[in-house]
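Structure first, then comments.
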Amino acid sequence: MNLLKLYDDLYQKYGPQGWWPLLETGYQKLDFSYPKNQTQSFEIALGAILTQNTAWLNVEKTLNNLKNQELLLPEKILAAPDKVLQNAIRSSGYYNQKLKKIKIFTTFFLSLKNRTPARNELLNLWGIGPETADSILLYAYKIPSFVIDAYTKRLLINLYGADKIPQNYHDLKNLFETNLPADYELFQEYHALIVANGKLVNLKTYKPVLPKVNRSDQSV
DNA sequence: AGCCAGGCTACCG
DNA sequence: CGGTAGCATGGC
């Protein structure tokens with residue numbers, strides 16, 4: 001199983017993804033100078049929490065709501081009334097849970113005082129599981145921690161067969177990390193490409209939904 | 001008009 | 001402990 005070749009195939013098909021999509025930049029040509037500061041790292045982490053089982057478009061609305069009220073800063077989040085935050089979060093769904101998750105994370109974020117968190121510290125927070133922790137490490141802190149999601153697992157099952165690949169998060173993560181150079185830029189784009197591919201395939205049936213572009217491209 | 005989205009926790013047997 | 005219901009909204 002050549003995971004570097006798989007990366008090349010995905011890249012050939014979908015091109016550079018330019019993750020993470022910050023409000024300021026959106027998806028962009030590859031520019032690994034972002035995040036440029038702690039404020040942008042914080043925005044990425046909130047986005048990672050908000051997008052749990054939620055479409056990114058709905059998350060963007062929440063981030064814009066917060067930004068427009070000048071609340072997209074850790075100190076402001078903690079000072080804001082619950083009702084205001086719930087209304088801002090509403091478009092992302094699960095607004096009761098996500099309010100709690102965001103407050104817990106924000107308190108932790110401030111306690112770091114610009115230090116990079118350890119993976120276990122993130123996992124110990126209520127509301128942060130392995131995928132969210134790895135997304136925060138990889139995109140907010142540029143740590144080469146490979147992100148596994150439902151798309152990743154499904155793609156490997158499709159390509160190699162369910163009996164050939166590990167099924168749990170930890171082993172899947174390890175599969176990528178032991179077969180790739182520990183390069184955060186590679187990991188960032190790889191995960192983004194898997195998501196780009198995954199969005200074109202129905203999650204339950206594995207059947208492709210109608211591609212929006214490039215029907216003639218070879219499928220991956 | 002359903003189905004689904006870049007999960008996680010709590011609870012069930 | 002492995003499996004899964006519940007959490008909520010908006011786009012297609």
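These figures come from a predicted structure and were not determined experimentally. So that the names make sense, note that chain A is the first sequence line, chain B the second, and so on, each numbered from 1.
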Open item on the list: Under the criterion salt bridge (charged side-chain N to carboxylate O under 4.0 Å, His left out), I'd like the reasoning laid out for A:K36 against A:E24: C-alpha separation, chi angles, the key distance, then a yes or no.
Closed with: CA-CA 11 Å; A:K36 291 186 181 297; A:E24 179 187 324; over 6 Å; no
To the nearest 0.5 Å, atom CD1 of A:I89 lies from atom CG of A:L63 at 10.0 Å
Looking at every strand, decide which applies to [X] at a 4.0 Å heavy-atom threshold: base, sugar-phosphate, or nothing.
X	value
A:K61	sugar-phosphate
A:F105	nothing
A:N58	base
A:Q97	base
A:I128	sugar-phosphate
A:Y95	sugar-phosphate

**Study point:** Pairwise P distance for C:dA8 and B:dA1, with rounding to whole Å
**Key:** 27 Å
When both distances are under 3.5 Å in a Watson-Crick or G-U wobble arrangement, the nucleotide paired with B:dA1 is none
Could you state the [atom1]-[atom2] distance from [X] to [N], rounded to the nearest angstrom?
X	N	atom1	atom2	answer
A:R90	B:dA5	CZ	P	23 Å
A:I89	C:dC7	CD1	C1'	14 Å
A:L50	C:dC7	CG	C1'	14 Å
A:K98	B:dT9	NZ	P	13 Å
A:L99	B:dC8	CG	P	18 Å
A:L123	B:dT9	CG	C1'	14 Å
A:N87	C:dA8	CG	P	14 Å
A:I194	B:dA5	CD1	P	16 Å

DNA chain B nearest-nucleotide lookup for A:T51 and A:W126: closer to the 5′ end is A:T51
Result for 5'-nearest mapping on DNA chain B, choosing between A:V195 and A:L125, is A:V195
I want to verify a distance call: between [options], whose nearest atom is closest to the [X] side chain?
X	options	value
A:Q52	C:dA8, B:dA5, B:dC8	B:dC8
A:N53	C:dG10, C:dA8, B:dC8	C:dA8
A:S91	C:dG10, B:dC8, C:dA8	C:dG10

Assess, by modelled atom type and distance only, whether the side chains of A:Y151 and A:N197 contain a donor and an acceptor separated by less than 3.5 Å. no
Side chains of A:T152 and A:D149: do they bring a donor and an acceptor to under 3.5 Å?
yes
Answer with yes or no after comparing the ring centroid distance for A:F146 and A:Y190 against a 6.0 Å cut-off, counting only values under it. yes
Under-4.0 Å side-chain N/O to phosphate OP1/OP2 contact, A:T54 with C:dG10:
no
task = Verify, without hydrogens or angle tests, whether A:Q69 (side chain) and A:N65 (backbone) share a donor-acceptor contact under 3.5 angstrom.
result = yes
